[in-house]
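Here is the structure we will look at, set down as structure tokens.
Below, read A as the first sequence line, B as the second, and so on, with proteins coming before strands; counting in each chain starts at 1. All values reported here derive from a predicted model rather than from experimental measurement.
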Amino acid sequence: MANVLVVTSGKGGVGKTTTSAAISSGLAMAGKKTAVIDFDVGLRNLDLIMGVERRVVYDIVNVIQGEASLNQALIRHKEVDNLYVLPASQTKDKDALTTEGVGEILESLANEGFDYIVCDSPAGIERGAQLAMYYADEAIVVTNPEVSSVRDSDRMLGILSSKSKRAENNESPIREHLLITRYAPDRVGTGEMLSVEDMQEILAVPLLGVIPESNAVLQASNAGRPVILDKNADAGQAYADAVARLLGEEREMRFIDAKGKSFLSRLFGRS
Amino acid sequence: MGLWDMFRPRAQDNSASVAKERLQILIAHERARGQDKTPHYFPEMREEILGVIRKYVDVDDDAVRFEVDHNEQYDLFELSITLPDRQDDRRAKKNT
């Protein structure tokens, strides 16, 4: 049975696509056959973050409208085995996504033996975002330690529990995970940023991981190489931990305490 | 400024606690509203009923409580009005 995992947030620019790229890569590296789907029709970017932008021929709308087969549209990732990308359409109208069409694609992927289907949601709560979460079994709610992001995440949690297929059919609810991104422990220390505990208390969702604010994220998107592939980067390691937790492993949270600015660490520069 | 103050975060920096408090209030409010099952005509009906009451009695907004209780079989609409103090009422009449 394929596991449908939506990466969502409500607010834009918090790291949904970065997270979708990292988590799907991590799942594939763990041996899970994984597809990652861009639901942001009209503003596709997952292809760019995954580094497959020059190999896009067909997209999800072509598949829904019967202009291409699913296998023609799926792009196999060259660096990561078991990983496939289904891009969004850049030109078609976003109404081209239909509930039935998306359902058929997910079913075909499940029949092809995919273990995980990661749905990269667009920002907002419009059609694309609703369809990305509709069939979900699990949800990662990406949240920045910032008031508007936390509020939007709470709104999204409400939608996840009321407007999904599982909710409509009175099945067990979507398993929700909180992923905090762009976390700056030193700013939390000085009282100018919401802490992990604050956010957990407000949103009351199990914590999947904390991704620190990191230069590596911009470098990764510049290069078109999911940040999780950067094994030396703090953000890459934090995503690897999150994937391990998603797969049931227990791992302690890292990168949540301010770095000790000791005399020595200042002397020797970078930690 | 004492020596100790140098090691404490400045008050202006401690905006995270303000953020947390604002979010807790806002989100509690929004969640309550999200679960609100009152009919869509309710706000308008409320205004009209208030208008009728005010023809006869001078009541504050917070003296009128509208509530809908949801039971399995039926919804119960409850309206309660706290009338002004009788003494105030008499005084008001004397003045007119």
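- Between chain B and the options A:Arg151, A:Glu146, A:Met199, A:Arg187, heavy-atom pairs under 4.5 Å are most frequent for A:Arg151.
- Interface check for chain B: of the options A:Leu157, A:Val188, A:Ile202, the most heavy-atom pairs under 4.5 Å are formed by A:Ile202.
- Side chains of A:Ser149 and A:Lys11: no donor on one and acceptor on the other come within 3.5 Å.
- Residue contact with chain B, scored on non-hydrogen atoms closer than 4.5 Å, involves the backbone and the side chain of A:Asp198 alike.
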task = Please step through salt bridge (Lys or Arg N to Asp or Glu O under 4.0 Å) for the pair A:Arg166 and A:Asp137, ending with a clear verdict.
result = CA-CA 8 Å; A:Arg166 282 175 171 269; A:Asp137 301 305; 2.9 Å; yes

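- For A:Arg245 (side chain) and A:Glu252 (main-chain N/O), a donor-acceptor pair under 3.5 Å exists by modelled atom type.
- At least one donor-acceptor pair closer than 3.5 Å links the side chain of B:Arg54 to the backbone N or O of B:Val59.
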